[in-house]
Amino acid sequence: MKLNPAQEQAVTYVSGPCLVLAGAGSGKTRVIINKIAYLIKKCDYQARHIAAVTFTNKAAREMRERIAQSLGKGEARGLRISTFHTLGLDIIRREHKILGLKPGFSLFDDQDSLALLKELTEDEYDGDKDLLQQLIRRISDWKNDLITPDKAIGLAQDPAEREQAELYGRYREHMIAYNALDFDDLIMLPTLLFATNQEVRERWQNRIRYLLVDEYQDTNTSQYQLVKLLVGERARFTVVGDDDQSIYSWRGAKPQNLVLLGKDFPQLQLIKLEENYRSSGRILKAANILIANNPHVYDKTLRSNLSYGESIKVISANNDEHEAERVVATLIRHKFMNHAKYKDYAILYRGNHQSRLFEKALMTNRIPYKISGGTSFFSRAEIKDIMAYLRVLVNPEDDNAFLRICNVPKRGMGPATLEKVGHLANRKNISMFAACFDSEIEQRLPPQAAETAMVFARWLVELGDRAERGDTIAALRDLVREINYEDFLYDTSPSPKAAEMRMKNVSELYKWITAMVEGDELEDPMTLKEVVTRLTLRDMMERNNEDEELDQVQMMTLHASKGLEFPYVFLVGAEEGLLPHQSSLDEGNVEEERRLAYVGITRAQQELMFTLCKERRQYGELNRCEPSRFLLELPQDDLEWEERKAPPTAQERNTKGKTNIAALRAMLNK
DNA sequence: GGCAGATCCCTTTTT
DNA sequence: GGGATCTGCC
């Protein structure tokens, strides 16, 4: 496939820092793939000196597959393609000594962190969920801004913030005691390390000599700093991004980093990709008109080189259940008329909970579907159990994991026993696991309980030895067998069928671990320690992607849809309060919601269908709904409102238009 | 210590 | 409306 002139320029400009502004569907992944190949084949870069960074595992996997196709396997050897977080993990793993971490550190996911913070704040917050949520958010913001607890305390403006900063400090101390890291640490630690340690920084600069960053608009402060420190003075890098697709500001992403880049690297080469190869002219026009309501730093207009296409449908339904039925009915008819496949259709929604009714409607009609995201594999209880066992094996300091498993299945270590073990651990400043071996344990616990704890701990040590010494996979199999996990599942599941499902999940996990331990052409074999941290990042290569070949309707959130494309798209729940989401309206962040709508629209290749309800059930209550303002912002001549729902009057459109322009002005004046 | 029923809170998006 | 957590009874 030939590149267009702008793409060609983006690929071959390698002599300095390069920013590629890539509109939706303008072939940015292609540019990255081609550029990597160009660097290796034409510029004498070795694959192992090139790193490409993405935000999601999915994107990384896709890139890996496509690069494997265009390069020989040998040529791609050593090429780093990973998410920011996996790159951070790699760095930490290699530099863990300097960072003061013991090998086999645990990675806490959100739930783990939440549990720890909940415990730490019991006195202060007394179980107030709101305050807890604020604290978590605050800590994450601090970490994303590279602010340590000491600094946070210094910066505190009021007593409440001071308290948060102190809790942040306690949280960090406990994490250190557990030999554990959270997601934000994966970026913050390497960045701080590079910032303060020249030798390490230079080592990594030497290791990564050309850096490519995908979805650059999603970087937060610490990620941007990491990029800057990695590229150093040499400044050999390419970042690809689109400010109109910035939809992650809620987790600290700073689209302003696009502007900062120009300031920090005055020699920055700016290249715009404005030719869209994905969507019909009409869909693209709608997207352009919608996003024109947002302020812009760099102007950019996407041009379609496809035909104008079908009109955009707006389907209205009486209520949310009806909405799902209408989508399914429309889909069935449309599929028949167009000889399409199920996998050509995507149902995109704002929040995960919306998937449920569609799932139900699809199921009753026997239509195969696949939900991406949502309750992930790794949040299932059985997977968390086994993972917790592995975490303790790998990192005995991990009290959280220990607590999860010490009585699963029941082995007589109930709350009373645990409380005493916990106290002992606390007083002696050792892990609970270590406390099970402590000389005092026999004085503190009733003989039976002390015996149980010691037997359990000894068994763990012995199993850990087995895994360490020889056959990791056999040890894993032993683990599941020796705790009688299967029986446990049958005892605790509501039905034998559910138990069977859960056991299947365990086997699936087992399969992934086996694959990772053994390695393959692209990935080196890993130790159990590595596997455990990697799995918390969910960075398995999804070897079971036979799924993708299956003919299934695709369902996902708008966020999850970024980077994907589908012939026919249903954008459901186009209502005030849902698509501009109420909480965003409250925070005055309509622009990000508009970008989210923009992302959804630009996923569609041939046809786009919006749906909305007159009323919707929320928290069990029935509420009236208004059409999304974004629908009113679209070019009405290109919309086809279905059913009795009248299109908006000229007046309605005018008022909407005026408020928007006023808002836009206010924004620009700021 | 385990289970059924009651109660509570929630739903924005993710590595 | 539904999943997670608590309560009170066995």
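Numbers restart at 1 for each chain; the letters A, B, ... are given by sequence-line order, proteins then strands.
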Partner set under side chain to side chain donor-acceptor pair (under 3.5 Å) for A:Y349, not counting sequence neighbours:
none
Does A:D385 have any side chain to side chain donor-acceptor pair (under 3.5 Å) partners at least two apart in sequence or in another chain, and if so, which?
A:R404, A:Y485
Pick the closest DNA chain B nucleotide for A:K410 and for A:S584 by heavy atoms, then say which residue is nearer the 5' end.
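The 5'-side residue here is A:K410.
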Residue whose closest nucleotide on DNA chain B lies nearer the 5' end, A:D110 versus A:G412:
A:G412
Indicate whether A:W250 forms a stack on B:dT13; treat it as stacked only if centroid distance is below 5.5 angstrom and interplanar angle below 30 degrees.
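So A:W250 counts as stacking on the base.
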Any residue meeting side-chain contact (heavy atoms from CB on, under 4.5 Å) with A:L192, in chain and number order, not counting sequence neighbours
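Residues passing side-chain contact (heavy atoms from CB on, under 4.5 Å) with A:L192: A:L146, A:T148, A:M188.
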Would you list the protein and nucleotides 7-11 of chain B atom pairs, both N or O, that sit under 3.5 Å from each other?
{"unit_1": "B:dT11", "atom_1": "O2", "unit_2": "A:H353", "atom_2": "ND1", "d": "2.6"}
{"unit_1": "B:dT11", "atom_1": "O2", "unit_2": "A:H353", "atom_2": "NE2", "d": "2.7"}

I'd like to check the salt bridge (charged side-chain N to carboxylate O under 4.0 Å, His left out) partners of [X]; sequence neighbours left out, ordered by chain and number.
X: A:E615; result: A:R624
X: A:R444; result: A:E440
X: A:D320; result: none
X: A:R138; result: A:E161

Heavy atoms from other residues, nucleotides or ligands near NE2 of A:H423 exceed 12 (cutoff 6.0 Å):
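Open.
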Contacted region of DNA chain C by chain A, from 5' end to 3' end of the hits, cut-off under 4.0 Å to heavy atoms, spans C:dG1 to C:dG3
If the plane angle is over 60° it's perpendicular, under 30° parallel, otherwise tilted; pick one for A:H96 and A:F105.
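Taking A:F105 first and then A:H96, their aromatic rings sit tilted (interplane angle of 30° to 60°).
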Counting only side-chain nitrogens and oxygens, does A:N352 get under 4.0 Å of the OP1 or OP2 atom of B:dT14?
yes
Output yes when at least one side-chain N/O atom of A:T557 is less than 4.0 Å from OP1 or OP2 of B:dT14, else no.
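For B:dT14, OP1/OP2 do have a side-chain N/O of A:T557 under 4.0 Å.
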Which whole-number value in Å describes the distance from A:L186 CG to B:dT14 P?
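Interatomic distance, CG of A:L186 to P of B:dT14: 18 Å.
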Starting at atom NE2 of A:H85, determine the distance to atom P of B:dT15, rounded to an integer number of angstrom.
9 Å
Of the nucleotides B:dT15, B:dG2, B:dT13, which has the atom closest to the A:R251 side chain?
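Nearest nucleotide to the side chain: B:dT15.
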Which part of the nucleic acid, if any, lies within reach of A:E587 when heavy atoms closer than 4.0 Å are counted: base, sugar-phosphate only, or nothing?
base
